[in-house]
Asks: 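Mind having a look at this structure? Questions to follow.
Because the structure is predicted, anything quoted here is derived from the model rather than measured.
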Amino acid sequence: TSRLDFATFRNCEIDLASIAFLQDANPQVLARVCRNLKLNAISMGHFGDASELAYMEKTYERHVLYHLAFTPERDPVGKRFKAIARWLDAIIFNWLWGYGEKPWRLAVGVLVAILGFATLQYALNGIPGRGWWEHVYFSGITFASIGYGDLVPAEPIPRVLAVLEGILGVTFLGMLIASATKKIMNR
C-alpha cells in the first residue's frame, strides 16, 4: 500500500494536469486514488476532470483484472476464468465507448456496424434486386429499430442478421443515450 491508498479528498482544488502517477505503481492503489479524486472533482464541479478520472479509474481496474487473470498463482480455474471474462468485458467496454466517457467511439461503432451489416446483407443478396445503397438504407432503418417495411430480407440468414442488427442497434443507441445523458447531467 501507499500513503495515498485510502486517502480521501474533500474540497481540494486539485487540477488534473498537476497530478502524475508513477508508472510502476500498484494499479489497484491507483484505481482507488482515481476514484477518490473523481469524487472530489465532482463535489467541486470539475466534471471534465471527473470524467477523465473515471476513465483512468476503469483503466487501472482493467490492469488489476489482467493481473488476476494471467498471473500464475494457485487460484482455482473458475476464479481465473471469471477474471479473464471480466478483463475481456473491460477491454470491449473501453474499446467501444471508453467506459461511457468517450461516446464518440460509440458513434463511430454505430456507423461501422450499419455499413458492415449493409455490406454483409448486400453480399448475401439479402434484399434481391437492390443495390448497396438500398442495403445501407435498410441497415440504418433496422439498426435504429424503425423498420418501415418497404425493404424486407428474403432468405432466412439475412432475416436472422436483421434481427441481430436490431438487437445491436437498440443496445448501441441505449449506450449512446446513457453516455450523452451522463455528460449533459454533469454540465
Side-chain angles (χ1 to χ4, degrees), residues 27 31 34 38 47-71 77-187:
C34 286
K38 173 188 72 176
F47 298 114
D49 286 352
S51 176
E52 189 61 32
L53 285 161
Y55 181 77
M56 291 168 64
E57 172 190 354
K58 292 296 184 184
T59 300
Y60 290 126
E61 287 176 357
R62 188 179 73 238
H63 293 300
V64 171
L65 290 171
Y66 178 85
H67 178 73
L68 290 173
F70 298 109
T71 301
V77 174
K79 188 175 180 181
R80 290 188 63 188
F81 181 74
K82 185 177 178 180
I84 290 170
R86 289 181 60 210
W87 175 72
L88 288 172
D89 184 55
I91 292 275
I92 290 167
F93 276 117
N94 177 41
W95 176 81
L96 192 59
W97 70 330
Y99 309 110
E101 302 300 328
K102 301 185 184 310
W104 63 268
R105 290 184 185 177
L106 196 57
V108 170
V110 166
L111 290 175
V112 168
I114 289 171
L115 294 175
F117 274 105
T119 302
L120 191 55
Q121 288 279 14
Y122 180 71
L124 294 171
N125 198 24
I127 305 168
R130 302 294 181 145
W132 186 75
W133 283 109
E134 281 98 356
H135 284 84
V136 171
Y137 163 77
F138 170 76
S139 181
I141 294 303
T142 303
F143 197 87
S145 296
I146 296 171
Y148 290 128
D150 55 342
L151 299 175
V152 181
E155 298 295 323
I157 292 176
R159 287 180 181 174
V160 169
L161 283 175
V163 170
L164 292 175
E165 183 177 11
I167 292 169
L168 187 66
V170 168
T171 303
F172 270 44
L173 293 174
M175 291 169 73
L176 195 57
I177 290 168
S179 184
T181 302
K182 180 180 177 183
K183 295 288 184 187
I184 290 169
M185 295 300 291
N186 287 334
R187 300 239 182 257

Asks: Quick one, F172 and L96 - any side-chain contact, counting heavy atoms below 4.5 Å?
Replies: yes
Asks: Measure across P158 and L124 and return the closest heavy-atom pair with its distance rounded to 0.1 Å.
Replies: CG-CB, 4.4 Å
Asks: Could you tell me whether a side-chain N or O of T171 sits under 3.5 Å from a main-chain N or O of I167, the two making a donor and an acceptor?
Replies: yes
Asks: What heavy-atom pair brings R80 and A69 nearest, and what distance separates the two atoms?
Replies: NH2-O, 3.1 Å
Asks: Examine distances only and state if a side-chain atom of S51 and a backbone atom of F47 form a donor-acceptor pair shorter than 3.5 Å.
Replies: no
Asks: Measure across A113 and L168 and return the closest heavy-atom pair with its distance rounded to 0.1 Å.
Replies: CB-CD2, 4.3 Å
Asks: Check A54 against E101 and note the closest heavy-atom contact, atom names and distance.
Replies: CB-OE2, 3.7 Å
Asks: Got a second to check how far Y99's OH is from M56's CE, nearest 0.5 Å?
Replies: 12.5 Å
Asks: Do side-chain atoms of S179 reach the backbone of M175 as a donor and acceptor pair under 3.5 angstrom?
Replies: no
Asks: Flag the pair H135 / L120 as yes when at least one side-chain heavy-atom distance between them is below 4.5 Å, and no otherwise.
Replies: no
Asks: Can you confirm whether Y55 sits close enough to N94 that some side-chain heavy atom of one is under 4.5 Å from a side-chain heavy atom of the other?
Replies: yes
Asks: Taking side chain to side chain contact (heavy atoms under 4.5 Å, CB included) as the test, write out the residues that go with L176, two or more places apart.
Replies: P103, L106
Asks: Give me each pair satisfying salt bridge (charged side-chain N to carboxylate O under 4.0 Å, His left out) with a member in residues 84-99, each pair once, sequence neighbours excluded.
Replies: none
Asks: Does the Q121 side chain pair with the main chain of A118, one donor and one acceptor, at a distance under 3.5 Å?
Replies: no
Asks: Can you find a pair of side-chain heavy atoms, one from W132 and one from L115, that are under 4.5 Å apart?
Replies: yes
